Amino acid sequence: MTGPPSAESTKLRKSATIMHVDMDAFFVSVEMRENPSLVGKPVVVGGTGARGVVAAANYEARVFGIHSAMPSAVAKRACPHAVFVAGNHKLYSQVSQGLMDIFERVTPLVEPLSLDEAFLDVAGAERLLGPAPEIARQVRQTVWDEQRLHCSVGIAGSKLVAKLASQDAKPRIVERQVLRGLGVKVVPVGTETEYLWPLPVRAMWGVGPKTEERLTQFGIRTVGELAEVPLDVLIGAVGRASGVHLHAVANGRDDRPVEPNRPAKSISNEETFGTDLTDPVQLHTELVRLADSVAGRLRSSGFRGRTISIKVRYPSFKTLTRSVTLKRPTDSGNKILHVADQLFSELDVSQGVRLLGLGVSGLVSQSTDQLSFDDLAKEPNGAETIDVVVDEIRSKFGSGAIGPATLVRNDEGASRLDRKEKGRQQWGPIESVEGPCDDYPGGRM
Amino acid sequence: MKFRCERDVLVEALGISGRAVSRGGLPGLSGVRAELAGDQLSLTGSDLDLTITIDVTVAGERDGVAVVPARLASDIVRALEPGAVSISAEADELSISAGRSNFSIRLIAADDFPQIAGLPEESVSLSCNQLAEALRQVIPAASGDDSRPILTGVLLAAEADGLRLVATDSYRLSMRDVAGVSVLAEGQSVLIPSRALNELNRILGQADKVELRLGEREASFEVGSVKLVTRLIEGEFPNYRGLIPDTHPNVLTVSRDELLDALRRVKLLARETTPVRLEMSEEGLELVAVTQDVGTAREQVEGSYVGSPLTVAFNPQYLLEGIEVAKAEQITLSTIDELKPALVRIAGVEEFLYLLMPVRVS
């Protein structure tokens with residue numbers, strides 16, 4: 001690692017496809033969501049006892065200089081009319097799970113960092129969902145629609161820069177005023193050093209107060225200055241492990257992959273209908289749409305799955321799920337549809353269906369596929385070949401270029417494909433009058 | 001029931017019959033049924049699918065029947081001092097005494113014990129050695145996955161010149177012909193659970209001949225004083241003949257031991273689902289395993305190769321199991337392409353084959 005970077009260590013991405021999603025004032029925002037009377041007031045979550053500290057503060061409270069880890073007593077002095085809330089970790093965990101589920105609908109490559117932040121590798125998802133900034137916009141919209149929470153997204157070619165960028169996208173306080181943030185900040189690949197070098201060294205991951213002090217002794221204040229220090233000098237100053245790391249990242253070299261610490265669990269799609277569906281033909285069409293979409297996402301992310309599950313929500317909000325585990329993993333839209341159809345046929349839907357979902361779990365990487373004698377019996381030009389061709393056409397001509405015939409619609413004489421796409425009904429029914437959040441009546445998740 | 005016998009005789013008898021006892025199953029099946037008639041003690045273990053009975057000679061005092069808790073009784077007898085053991089069953093208690101040790105344990109109700117269906121009188125005699133060798137070759141290819149019960153069995157089929165054994169888990173298939181053995185009528189076949197055959201294989205060493213009886217739903221194997229009865233699997237075995245390609249354009253001939261050793265080494269770097277790649281060319285064979293973030297292993301194996309250069313990937317365990325049971329100096333690996341089944345055979349021998357599907361590497 002002391003010589004010039006080897007090809008191995010600079011597997012840099014061609015485009016910015018790592019997203020860092022960070023919730024804005026997470027704990028406090030959840031509290032405000034649960035108790036709307038708090039909105040607009042300075043709110044602090046944290047211990048209220050004599051030795052309590054602030055766990056989180058909303059932007060209204062931050063205006064008064066309150067920040068996390070500050071003693072609650074100090075916070076109280078700074079802002080006597082702030083509302084102090086004890087905090088509810090169980091609730092935060094639940095909400096966090098809901099957030100991670102949203103992220104995992106985008107890509108199975110989600111690496112949660114804490115309850116309220118995660119890295120997403122969207123390189124594979126781009127083909128289906130559009131460019132990364134568009135995916136980020138969709139994620140923010142869904143997080144708002146489903147959880148009524150705000151988040152900020154940083155997009156870059158590396159984890160380090162993505163994480164820094166998300167902080168840049170956040171709301172900020174200027175002269176005691178809360179200014180809206182960018183929401184999404186992109187640092188294009190190739191401009192990392194330009195972005196990093198003016199930053200103070202403590203902005204970097206791995207630079208705590210100790211290291212910062214040590215670097216300051218050497219006259220190193222900015223990332224740019226850090227980047228210029230020869231590696232052996234840096235190792236002498238801060239030790240080997242830290243020195244090697246800082247030298248690499250200060251020069252924009254950070255190739256750590258997004259590593260889901262829970263292996264990719266499932267890929268799923270669901271749809272809430274504007275009006276409850278009762279027509280079996282229409283419901284079948286919806287299944288076709290979901291199967292097509294889920295299979296496409298499986299293939300683009302390089303996974304196959306063994307367990308296929310469907311989810312049905314009735315108008316009464318009663319929700320059922322049914323699943324079956326196949327002998328062998330699949331990523332074929334036809335196969336998934338076939339199984340989903342069978343599962344669906346066992347449910348009574350006479351009362352109507354409000355929401356229909358389809359998911360595939362038990363995912364395995366596509367790259368190692370043990371063939372079986374059953375494969376020999378398949379038609380040489382069977383379903384699998386079709387999927388490959390479909391993917392190719394979609395990547396060239398767009399996702400609406402080809403799809404199952406069931407999804408063809410006639411709009412004023414012209415035929416078009418009514419495929420399921422992210423950002424369309426995914427986030428709730430388009431024609432709903434109550435708005436997209438009527439999924440959770442009488443409160444939210 | 002009351003008798004005396006040597007500890008070691010009882011340890012072995014309880015051990016063999018106890019292998020058919022299901023663990024954590026029905027309470028009535030967690031016992032071994034002991035029946036004493038004169039000096040003849042029969043111990044029977046069963047889990048309904050598989051029943052094993054062993055007869056031993058003891059010093060009988062009082063005839064009778066008792067169902068004893070298999071694990072506990074076996075553990076106790078095994079732990080006793082060597083020498084004579086006295087056993088007696090009174091009412092619902094079994095007492096075991098040896099030297100200064102005295103145990104009294106609760107019996108299991110005898111009515112709960114399953115009855116074994118009758119089997120035909122006439123039997124066919126097979127060489128234990130021959131059967132054991134054939135079983136060792138095919139059993140590894142049988143499936144352990146109960147979702148496709150048919151594949152958990154080994155097919156025994158009558159072939160023109162003898163008996164054929166076939167097993168497949170749909171990823172590989174092992175087939176062995178035993179010439180000159182006619183167990184079944186022409187065209188007849190039965191499907192025997194591989195678990196039962198595994199147990200059979202453990203006792204085949206105890207005698208020279210095994211007596212086979214075939215019933216409608218059961219088959220029995222008698223080896224010396226041990227009798228094993230197994231349920232047959234009902235259903236149609238897949239058409240395996242259609243799977244075996246007629247011709248293979250590429251044939252690799254290698255030393256079996258060299259390939260085995262090399263494969264075992266390279267397999268260390270084939271973690272989880274990583275396959276082992278076989279790169280075959282006129283130069284011979286190279287085995288390669290690459291696991292991301294772990295490392296790489298390569299090893300060259302001398303061999304002669306006829307055909308066009310080809311790289312095929314396999315699950316190393318499946319390949320290993322095929323080569324292990326192909327006991328010979330030279331073996332051949334015949335291939336068509338990287339997606340078609342490959343064939344492991346003993347060079348110059350027709351009676352055994354192991355067909356293996358590759359792993360697709362994308």
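Here is the naming used below: chain letters follow the sequence lines, and residue numbers restart at 1 for every chain. Source: prediction; values computed, not measured.
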Exercise. Under a 4.5 Å cut-off applied to non-hydrogen side-chain atoms, are A:F373 and B:L355 in contact?
Worked result: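 Heavy-atom side-chain distance check passes, below 4.5 Å.
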
Problem set entry | Sub-4.5 Å side-chain heavy-atom contact between B:R360 and A:D375 |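 No, every pair of side-chain atoms sits at 4.5 Å or beyond.
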
Exercise. Is it the side chain or the backbone of B:Y318 that comes within 4.5 Å of chain A heavy atoms, both, or neither?
Worked result: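 It is the side chain, since no backbone atom gets that close.
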
For this session: Pick one of side chain, backbone, both or neither for B:R148, based on which atoms fall under 4.5 Å of a heavy atom in chain A.
Result: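 Side chain only.
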
Exercise. Taking atom NZ of A:K163 as the centre, does the number of heavy atoms from other residues, nucleotides or ligands within less than 6.0 Å exceed 12?
Worked result: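 Yes, NZ of A:K163 has more than 12 neighbouring heavy atoms, counting only those of other groups under 6.0 Å.
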
Exercise. Near B:E283 CD, under 6.0 Å, is it more than 12 heavy atoms from other residues, nucleotides or ligands?
Worked result: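 For B:E283, atom CD is not crowded (no more than 12 foreign heavy atoms under 6.0 Å).
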
Exercise. Any donor-acceptor pair under 3.5 Å linking the side chain of A:Q370 with the backbone of B:P275?
Worked result: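 It does not hold such a pair.
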
Exercise. What are the two closest non-hydrogen atoms of A:L371 and B:L339, and how far apart are they?
Worked result: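 Closest approach of A:L371 to B:L339: CD1-O, 3.5 Å.
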
